[in-house]
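Fair warning: this is a prediction, and the values are worked out from it, not measured in the lab.
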Amino acid sequence: MLNLDNFYKARYVLSHIIRRTDLIHAPNINVESDIYLKPENLQTTGSFKLRGACYKISQLSDEEKMRGVIACSAGNHAQGVALGASAHGIKSLICLPEGAPMSKVEATRHYGAEIRLVPGVYDDAFQEAIRLRDEHGYTFIHPFDDEHVIAGQGTIGLELLDQLPDLDAVIVPIGGGGLISGIAFAIKSLNPRIKVYGVQAQGAPSMLHSLEQQCRTTLSAVSTIADGIAVKEPGHITYDTCCKYVDEIVTVTEDEICAAILALLEQQKLIAEGAGAVSVAAAMFNKVPIKGKKTVCIVSGGNIDVTILSRVISRGMAKSGRVFTFSVELEDKPGQMVEVSKVVAQLGGNVIRVQHERNDDSQQVNSCELRMTVETRNEEHIESIRQALLKEGFNLV
């Protein structure tokens, strides 16, 4: 059973380990709401997971510590366990999905853990960790379905009530449910008026499906850029806690996640991973009813794989109306490209890519197709360019 005494104890134990992350006012995320960010991406390991892992390890018996600890993770829990185990002089073995970002794998190794890469996703790593636990007698540190882990994550909820007493709503990423269980239990126990909304990636909605079907369900597969919340099945404790304390769970698309990562990078100078940005995506794209409310988005982690960052930015720009790609059918004669470029330039668009080729599929024998990519300000800017091209007689295809 979860109890607040354990949460307060966790706050005391963690006071010399974690950073008490300050809130960042971010009104531009959603102009109809008063948005604040809780930047857990600024923790030592780049994620909130440090809280639950370190508190759980601190509560182990001497016998459990002697056996060494084992954990499974998409990367963030792994780093928390590795750091916590090293601090207590305990051996740690971490099972990570084979596709985990290399930055997370190397960071986990840097904190002193032995690494075991497992083919598949988080749930496959979980099964391997359980097998090794049973075979060698390790002490298993669950990433979310554990009362001490949930209490550690729940210290965020206690901090929010101290930092923003008139808080109306909090938006929390959900993978297995440990973070939102801790935050929701702490907040609802002390102030039931506050709304707690959960967010999952559209490609990994395990908790949402479970709540809809009123029982824990297992997804056949998960696929999302938000690897930190790519979980096929929620936990027993976390499912029950979400049923009781969470007001609503929504999903966000991959493009919306990318747009949120871009917004945090540009507006707040914060690096967020996909899982860390889903709460901001939900606020940006009005997935939850926060109009006129003082709302905190939990930015749960910042350990994004830099090798995919450029692709994330490109998709985020497209989703945010920052890039406009169009094709126009032209008569194949000198000066046509100049005329199209002139329309774009007069409206402040910046051409970044041009592709020009003869169009053999057109009914017009002497025709060509111009494909142009333009940097724009927003959707309104795109529409003004589109209308100007049509007004000049250009046929957009």
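- Under the salt bridge (Lys or Arg N to Asp or Glu O under 4.0 Å) criterion, Glu147 pairs with no residue, sequence neighbours left out.
- Judged purely by atom type and a 3.5 angstrom limit, Lys188 uses its side chain to pair as donor or acceptor with the backbone of Ile194.
- Distance check, rounded to the nearest 0.5 Å: CG of Asn395 to CD of Glu369 gives 10.0 Å.
- Within the 4.5 Å cutoff, side-chain heavy atoms of Ile298 are placed close to those of Leu160.
- Ring geometry for His136 against Tyr138 counts as tilted: the plane angle lies between 30° and 60°, on a 0 to 90° scale.
- In terms of modelled atom types and a separation under 3.5 Å, the side chain of Lys38 and the main chain of Thr21 share a donor-acceptor contact.
- A donor-acceptor distance shorter than 3.5 angstrom exists from the side chain of Arg67 to the backbone of Gly137, with no hydrogens or angles considered.
- The shortest distance between side-chain heavy atoms of Phe48 and Gln153 falls below 4.5 Å.
- Contact detail for Val278 and Ala275: the closest heavy-atom pair is CG2-O, 3.3 Å.
- Side chain of Glu254 to backbone of Ile225: a donor-acceptor contact under 3.5 angstrom is found.
- Linking ILVMFWY side-chain heavy atoms closer than 4.5 Å, directly or via other members, places Ile24 and Ile156 in two distinct hydrophobic clusters.
- Judged by distance alone, the side chain of Ser47 and the main-chain N or O of Thr45 form no donor-acceptor pair under 3.5 Å.
- With Ser33 contributing its side chain and Lys293 its backbone, the two residues share a donor-acceptor pair below 3.5 Å.
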Hey, can you pull the donor-acceptor pairs under 3.5 Å for the side chains in residues 165-178, sequence neighbours left out?
residue: Asp166; atom: OD2; partner: Lys294; partner atom: NZ; Å: 2.9
residue: Asp168; atom: OD1; partner: Arg193; partner atom: NH1; Å: 2.9
residue: Asp168; atom: OD2; partner: Lys294; partner atom: N; Å: 2.8

Residues Ser327, Arg371; criterion side chain to side chain contact (heavy atoms under 4.5 Å, CB included); working and verdict: CA-CA 4 Å; Ser327 296; Arg371 183 176 176 86; 3.5 Å; yes
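- Counting heavy atoms of neighbouring residues, nucleotides and ligands inside a 6.0 Å radius, atom CD of Gln214 does not exceed 12 of them.
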Verdict with supporting geometry, Cys72 and Glu128, side chain to side chain contact (heavy atoms under 4.5 Å, CB included): CA-CA 8 Å; Cys72 58; Glu128 176 64 6; over 6 Å; no
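- Note that CD1 of Ile94 is 6.5 Å distant from OG1 of Thr108, once rounded to the nearest 0.5 Å.
- Put simply, the side chain of Glu392 never gets that close to the backbone of Ala388: no donor and acceptor are under 3.5 Å apart.
- Under the 4.5 Å side-chain heavy-atom criterion for Ile, Leu, Val, Met, Phe, Trp and Tyr, Leu161 and Ile18 are members of distinct hydrophobic clusters.
- Note: the hydrophobic cluster containing Ile257 also contains Leu262 (ILVMFWY, side chain heavy atoms under 4.5 Å, direct or indirect links).
- The salt bridge (Lys or Arg N to Asp or Glu O under 4.0 Å) pairs that include a residue from residues 96-112 are Lys104-Asp227, Lys104-Glu273, Glu106-Arg109, where partners are two or more places apart or lie in different chains.
- Pairing each heavy atom of Asp146 with each of Val149, the nearest pair is OD1-N, 3.0 Å.
- Put simply, the side chain of Ser86 never gets that close to the backbone of Leu83: no donor and acceptor are under 3.5 Å apart.
- Sorted by first and then second residue, the ring-ring contact (aromatic ring centres under 6.0 Å, His included) pairs involving residues 301-346 (not counting sequence neighbours) are Phe324-Phe326.
- For residues 250-277, no pair satisfies ring-ring contact (aromatic ring centres under 6.0 Å, His included), with sequence neighbours left out.
- No side-chain heavy atom of Gln202 sits under 4.5 Å from any side-chain heavy atom of Thr224.
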Candidate pair Val328 and Met372, rule side chain to side chain contact (heavy atoms under 4.5 Å, CB included), full reasoning: CA-CA 8 Å; Val328 58; Met372 187 174 286; over 6 Å; no
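- The salt bridge (Lys or Arg N to Asp or Glu O under 4.0 Å) test applied to Asp305 returns no partner, not counting sequence neighbours.
- The main-chain N or O of Leu50 is never found under 3.5 Å from a side-chain atom of Gln43 such that the two would form a donor-acceptor pair.
- When side chains are defined from C-beta on, Met207 does not count as touching Ile180, because their heavy atoms never get closer than 4.5 Å.
- Annotation: the span from Leu264 atom CG to Ile29 atom CD1 amounts to 5.5 Å, rounded to 0.5 Å.
- Rounding to the nearest 0.5 angstrom, the gap separating the OG1 atom in Thr376 from the CZ atom in Arg322 is 8.0 Å.
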Anything under 3.5 Å between a donor and an acceptor, one on a side chain of residues 282-289, the other on a protein residue two or more places apart or in another chain? List them.
residue: Asn286; atom: OD1; partner: Asn30; partner atom: ND2; Å: 2.9
residue: Lys287; atom: NZ; partner: Thr251; partner atom: O; Å: 3.0
residue: Lys287; atom: NZ; partner: Glu256; partner atom: OE1; Å: 2.8
residue: Lys287; atom: NZ; partner: Glu256; partner atom: OE2; Å: 3.4

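- When the shell of 6.0 Å around CZ of Arg131 is examined, it contains more than 12 heavy atoms from other residues, nucleotides or ligands.
- Two different hydrophobic clusters hold Ile290 and Ile249 under the rule that ILVMFWY side chains link at heavy-atom gaps under 4.5 Å.
- Lys65 and Thr139 form no side-chain donor-acceptor contact under 3.5 Å, judged by distance and modelled atom types alone.
- Hydrophobic cluster membership differs between Val299 and Leu164, with clusters built from Ile, Leu, Val, Met, Phe, Trp and Tyr side chains linked at under 4.5 angstrom.
- The backbone N or O of Ile271 sits less than 3.5 Å from a side-chain atom of Asn41, completing a donor-acceptor pair.
- Residue pairs meeting the side chain to side chain donor-acceptor pair (under 3.5 Å) criterion with at least one member in residues 4-13, sequence neighbours excluded: Asn6-Tyr55, Asn6-His148, Lys9-Gln59, Arg11-Asp162.
- Listed by first then second residue, pairs satisfying salt bridge (Lys or Arg N to Asp or Glu O under 4.0 Å) with a partner in residues 202-221 read Arg216-Glu233, not counting sequence neighbours.
- Pairs engaging residues 73-115 under the ring-ring contact (aromatic ring centres under 6.0 Å, His included) rule: none recorded [sequence neighbours left out].
- Here ring-ring contact (aromatic ring centres under 6.0 Å, His included) pairs that include residues 220-246, with residues two or more places apart or in two chains, are Phe185-Tyr245.
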Solution key, residues 338-346 side-chain donor-acceptor pairs under 3.5 Å, sequence neighbours excluded:
residue: Ser341; atom: OG; partner: Met337; partner atom: O; Å: 3.0

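- Note that CG of Asp332 is 5.5 Å distant from NE2 of His356, once rounded to the nearest 0.5 Å.
- With contacts defined as side-chain heavy-atom distances shorter than 4.5 Å, the pair Ile385/His381 qualifies.
- Between Lys49 and Pro143 the shortest side-chain heavy-atom distance falls below 4.5 Å.
- In this structure, the side chains of Glu248 and Lys195 stay at 4.5 Å or more apart for every pair of heavy atoms.
- Using cut-offs of 30° and 60° for the angle between ring planes, the Phe140 and Phe126 rings count as perpendicular.
- Among all heavy-atom pairs drawn from Ala186 and Leu4, the shortest one is CA-CD2, 4.2 Å.
- A heavy-atom distance below 4.5 Å is found between the side chains of Ser300 and Leu179.
- The line from CD1 of Ile237 to CE of Met1 is 10.5 Å long, rounded to the nearest 0.5 Å.
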